[in-house]
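Below you'll find the structure, written out as structure tokens, and then a few comments.
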Amino acid sequence: MTEFSTVDYPAVRSCPFAEPVEHTRLREQQPITKVPLTGGGEAWWVARHAEGRAILADARFSKDRSRPNYPMPGFDEAMRKQFRMQPPSMNSMDGSAHAAERRAVLGEFTVKRLTALRPRIQKIVDERIDAMLAAETRPLDLVPTLSLPVPSLVISELLGVPYSDHEFFESRTMTMVSGNSSAEGRSNAMKELTGYLGELVLEKASEPCDDLLSRLIERRRQEGDLDLQALLGMAFLLLGAGHETTANMISLGVIALLEHPAQLAMIKADPGRTPAAVEELLRYCTIVDLGGTRVATEDVAIGGVTIPADDGVIVSLLSANRDPEPFPNADALDIDRGGRHHLAFGFGPHQCLGQNLARLELQIVFDTLFRRIPALRLAVPMNEIPFKSDAPIFYGAYSLPVTW
Amino acid sequence: MRLTADTGLCVGAGQCVLTDPAVFDQDDDGIVALLTDQPEGDAANRAVTAVAVCPSQAITIIEG
Ligand code: HEM
Ligand code: SF4
């Protein structure tokens, strides 16, 4: 059997949408195996969909980042430290503590509540496209004109974070997740952002408004449990997870659709097919490959191996989503595939809280953009787009020149 | 077909509601609520999908 030296992170995708060749080989030859990690340490690499899903749904695997072997591939020591110092949130909790945090805001993200936001999101998207159409010069960069402002506006309105501060919170978030920031830059960005959100939470505690954070504060107050640190953790998590992710997915989705004109034509002709297309784009792009990192809390026998207690585990969401077993011809984009069992939002108790908000934003953006600017095209060849192949957390594009 | 939904296990992902809003609903706190526990025909097929995509194994088919 071939020995694998390391699984490099950030993983270099041979073509912007292909999975790294090393991932394919691991999945075919050593679907669960211990690998050394870029930046130090080791972890079990879980390559296939079936075992990946089982592990993510299994309470014997912990998301507690303070555990010594919590896998953070591609992170240097400074980044590991910083990642551990993030304000605690549901994203790093287990069991009943996790459920209590998540359930405190779950009601804000029901399919019904989000459907009621549709007209507002549509208006936000239309205004951004008005601005694109009014621009005097082309090509223009889709990232700052559409991909980023749409999710950023939506999440800031929902949370009650003033959008006038968007340049502040977007740039700090970008510094934290970008591949080319210095350790000091990252740590300052985190301090500034947590300082800002800490003050915002205090303001809302004294002067509640009609927004998610105010409602959460009120709920906690009634329960007699007004923990400002926990509120800060929630605000930090929702703001960050709510804009960078969807922004990357908008950019990559636009590129993927432009590269597959026949499938783009299908959704242009029948927007009823857009939800299925969004689902397939989520699978195909898998922007949060590392969304399935865990630590085993006891020995677990799975897929012919025993993962010992305290070992780190990486369920590669990208590898699971390119597994030909559940997704025949997995490297092809096929909006008719019916692949809702993808793991782009993870699986188990931590499955993305904002998934239906993301779905709604993506559907509205793709439908509206290609309806209002049907001749939209890339302004540079795809291999000149700066993909985030150096970014350890979210895959995407740093900029996206388009024209029409 | 008969279904049950375990509100203790549910993590409010809403995947079931996306699958069939005539069978699955979420209460104000985001937790699953069955609108019927006996879906028939196409709705029964969709319920099988809902069971498969639910991230928390909260929905169970208790009778064929
Ligand atoms: C296309 C866009 C998005 C993708 C691909 C995505 C992906 C993910 C993934 C993979 C996880 C699971 C992590 C794990 O299991 O360890 C997750 C968790 C989470 N996501 Fe998203 N996400 C997206 C958009 C959003 C949005 C818009 C929000 C807005 C609120 C959000 C909020 C969260 C939260 C709060 C968690 C943690 C849930 C928990 O730990 O229980 N996400 N997301
Ligand atoms: S899919 Fe499962 S976890 Fe999600 S709301 Fe329905 S029952 Fe709950």
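Computed from a prediction, not measured in an experiment: that's the story for all the values here. Numbers restart at 1 for each chain; the letters A, B, ... are given by sequence-line order, proteins then strands.
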Next on the checklist: If you count every heavy atom of other residues, nucleotides or ligands that lies below 6.0 Å from A:E325 atom CD, does the total exceed 12?
Outcome noted: no
Checklist entry - When heavy-atom pairs shorter than 4.5 Å are enumerated against chain A, which of B:L18, B:T49, B:D28, B:L9 gives the highest number? => result B:L18
Checklist entry - Quick check: does any side chain N or O of B:Q26 sit under 3.5 Å from a backbone N or O of A:V111, one acting as donor and the other as acceptor? => result yes
Item to check | Among B:P21, B:C10, B:S56, B:A13, residue most engaged with chain A (heavy-atom pairs, under 4.5 Å) | outcome: B:A13
Item to check | Heavy-atom pair with the smallest gap, counting every atom of A:R359 and B:Q15 | outcome: NH2-OE1, 3.4 Å
Checklist entry - Would you say B:D25 and A:K112 make side-chain contact, with heavy atoms under 4.5 Å? => result yes
Checklist entry - So what's closer than 4.5 Å to chain A heavy atoms on B:T19: side chain, backbone, both or neither? => result both
Next on the checklist: Give me the atom names and distance for the closest heavy-atom approach of A:R103 to B:G8.
Outcome noted: NH2-O, 3.4 Å
Checklist outcome for this item: So, the part of A:R340 with a heavy atom under 4.5 Å from chain B: the answer is both
Checklist outcome for this item: When every non-hydrogen atom of B:P55 is compared with those of A:A57, the smallest separation belongs to O-CB, 4.4 Å
Checklist outcome for this item: The side chain to side chain contact (heavy atoms under 4.5 Å, CB included) partner of A:L106 among B:I31, B:D29, B:V11 is B:I31
Next on the checklist: Tell me if the CG atom of A:D270 is crowded by more than 12 foreign heavy atoms within 6.0 Å.
Outcome noted: yes
Checklist entry - Quick one: what part of A:R113 sits under 4.5 Å from any heavy atom of chain B, side chain, backbone, both or neither? => result neither
